[in-house]
2 protein chains.
Amino acid sequence: MSRTDPETTGLEHMLCFDLYAANHAFGRMYKPLLEPLGLTYPQYLVMVTLWAAAPLSVGDIGQRLALESNTLTPLLKRLEAMGLVQRTRDSADERRVSVDLTDTGRAREAQAAHVPGCAAEATGLSLDELQALHQQLRKLRSGLKRV
Amino acid sequence: MSRTDPETTGLEHMLCFDLYAANHAFGRMYKPLLEPLGLTYPQYLVMVTLWAAAPLSVGDIGQRLALESNTLTPLLKRLEAMGLVQRTRDSADERRVSVDLTDTGRAREAQAAHVPGCAAEATGLSLDELQALHQQLRKLRSGLKRV
DNA sequence: TGCGACTAGATCGTGCGCGATATAATTCTC
DNA sequence: GAGAATTATATCGCGCACGATCTAGTCGCA
């Protein structure tokens, strides 16, 4: 397929602008919700991951969020300094670092319970629209994986 | 509308993960395309903006990309150091800085002509799907503006 | 004319993202 | 079972993002 016609390239520009801006707008929208919890947006995503399935290795978390150790290591150390998680070398495989929630970290989940609802509300989209967008983005991401 | 039911909050989690991951995946996909041009993804977005409507003030660019001077000033200085743009104080209003393309900067547009098509191709989505996603994201962003 | 409010950019500090590289533990292979 | 290849995490450097703050230029209004 030829993708060099003006229509496509224009649309592609729009799309990359939109995705870029939408992601940042999402982050900004979350900020006031997360501030009381003392978490940044990426830190929150890591905590959500851990609330769902702790303990996880650094690599496990990275795989779920498409992040690498060079991003996660400092972030996890900050979470550890806050007393929310604990990092311990896996005794079975000393290369691995197991990340688990502390009691304080687990307790944060209840304090964050209202966040997803508020965020969904703030998008101004209906359930159907959220679902559609979810599908589109999953498809986009799975397409991009090929590259 | 109550947005505290598990279904919505779960979906909202998925959405914020997807948007986060899709944006990064987009950036990673662009990287090899932009490397020959010597541009990062945000730098490319600024150049696209300028190719469309140079000269623009720092604020104009910021408005189009939802970025502020604290992000743009260093980025534009790097583009200037590369010889792609020129920053000059607006003589009519000395508070403003007018950013214009140099001949080198203008010439980069032709060298980047293949990028949008390649990117659209890499998404693996059809034209209709790209269009739908574009609409969804625009709606999301306009909804988020209320916050 | 002069003072206060406002605006456009710049600067600073912190926290991601990520390519490149380093280190240490494990596994593979002969 | 010793050395090579692989794997998991850490470190380093650079470039965004963005809140907070600063400076300088402009405007409003008596």
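Atoms considered below: every heavy atom in the structure, side chains included; atoms not considered: hydrogens, waters and symmetry mates. So that the names make sense, note that chain A is the first sequence line, chain B the second, and so on, each numbered from 1.
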**Request:** Identify whether the distance between the nearest side-chain nitrogen and carboxylate oxygen of B/R89 and B/E94 falls below 4.0 Å.
**Result:**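 Not counted as a salt bridge, because no side-chain N and carboxylate O are separated by less than 4.0 Å.
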Round to the nearest Å and state the distance from [X] atom [atom1] to [N] atom [atom2].
X     : N      : atom1 : atom2 : answer
B/L34 : D/dC16 : CG    : C1'   : 15 Å
B/K31 : D/dC14 : NZ    : P     : 15 Å
B/L76 : C/dT11 : CG    : P     : 12 Å
B/E68 : D/dA20 : CD    : C1'   : 11 Å
B/R87 : C/dA8  : CZ    : C1'   : 13 Å
B/Y41 : C/dG19 : OH    : C1'   : 19 Å
B/L65 : D/dC18 : CG    : P     : 11 Å
A/L67 : D/dT9  : CG    : C1'   : 15 Å

Look at the side chain of [X] and decide which nucleotide, out of [options], has an atom nearest to it.
X     : options                : result
B/K77 : D/dC18, D/dC16, C/dT11 : C/dT11
A/Y20 : D/dC18, D/dC16, C/dC18 : D/dC16
B/S69 : D/dC16, C/dT11, C/dA10 : C/dA10
B/S57 : C/dG9, C/dC16, D/dT9   : C/dG9
A/V58 : D/dA24, D/dT9, D/dT11  : D/dT9
B/Q43 : C/dC18, D/dG15, C/dC16 : D/dG15
A/R78 : D/dG25, D/dA10, C/dG15 : C/dG15

**Item:** Gap between atom SG of B/C16 and atom OH of A/Y41 - 0.5 Å precision
**Value:**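 These two atoms lie 4.0 Å from each other.
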**Prompt:** CE/B/M82 to NZ/B/K77 distance, rounded to the nearest 0.5 angstrom?
**Reply:**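 Answer for the CE-NZ pair, B/M82 versus B/K77, is 14.0 Å.
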**Message:** Just to be sure I understand the rule, does B/D93 reach a base, reach only the sugar-phosphate, or reach nothing, if contact means heavy atoms closer than 4.0 Å?
**Reply:**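 B/D93: backbone/sugar contact only, no base atoms under 4.0 Å.
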**Message:** Counting the atoms with a prime plus P, OP1 and OP2 as sugar-phosphate, which does B/E94 contact under 4.0 Å by heavy atoms, base, sugar-phosphate, or nothing?
**Reply:**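 If one applies the 4.0 Å heavy-atom cut-off, B/E94 turns out to touch the sugar-phosphate alone, with no base involved.
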**Request:** Report yes if a donor N or O on one partner sits less than 3.5 Å from an acceptor N or O on the other, where the partners are the side chain of B/N70 and the base of D/dG19; otherwise report no.
**Result:**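 It does, because a donor-acceptor pair links the side chain of B/N70 to the base of D/dG19 below 3.5 Å.
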**Prompt:** Is there a donor N/O on one and an acceptor N/O on the other, under 3.5 Å, for the side chain of A/R95 and the base of D/dT9?
**Reply:**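 No, no donor-acceptor pair under 3.5 Å.
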**Prompt:** Do other residues, nucleotides or ligands put more than 12 heavy atoms under 6.0 Å from the CZ atom of B/R106?
**Reply:**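 Correct, the count exceeds 12.
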**Asked** What are the two closest heavy atoms between A/L37 and A/A112, and how far apart are they?
**Response**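 Result for this residue pair: CD1-CB, 3.5 Å.
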**Request:** Could you tell me which non-hydrogen atom of B/T102 sits nearest to which non-hydrogen atom of B/G83, and how far apart they are?
**Result:**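 Smallest heavy-atom distance, with atoms named: OG1-O, 2.6 Å.
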**Request:** Would you tell me if any nitrogen or oxygen in the side chain of A/R28 comes within less than 4.0 Å of OP1 or OP2 on D/dC18?
**Result:**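 For D/dC18, OP1 or OP2 has a side-chain N or O of A/R28 closer than 4.0 Å.
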**Message:** Using heavy-atom distances to pick each residue's nearest nucleotide on DNA chain D, tell me which of A/H24 and B/A92 is more 5'.
**Reply:**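 On the 5' side of the pair lies A/H24.
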**Request:** Between A/T40 and B/L72, name the one whose nearest nucleotide on DNA chain C is closer to the 5' end.
**Result:**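 The 5'-side residue here is B/L72.
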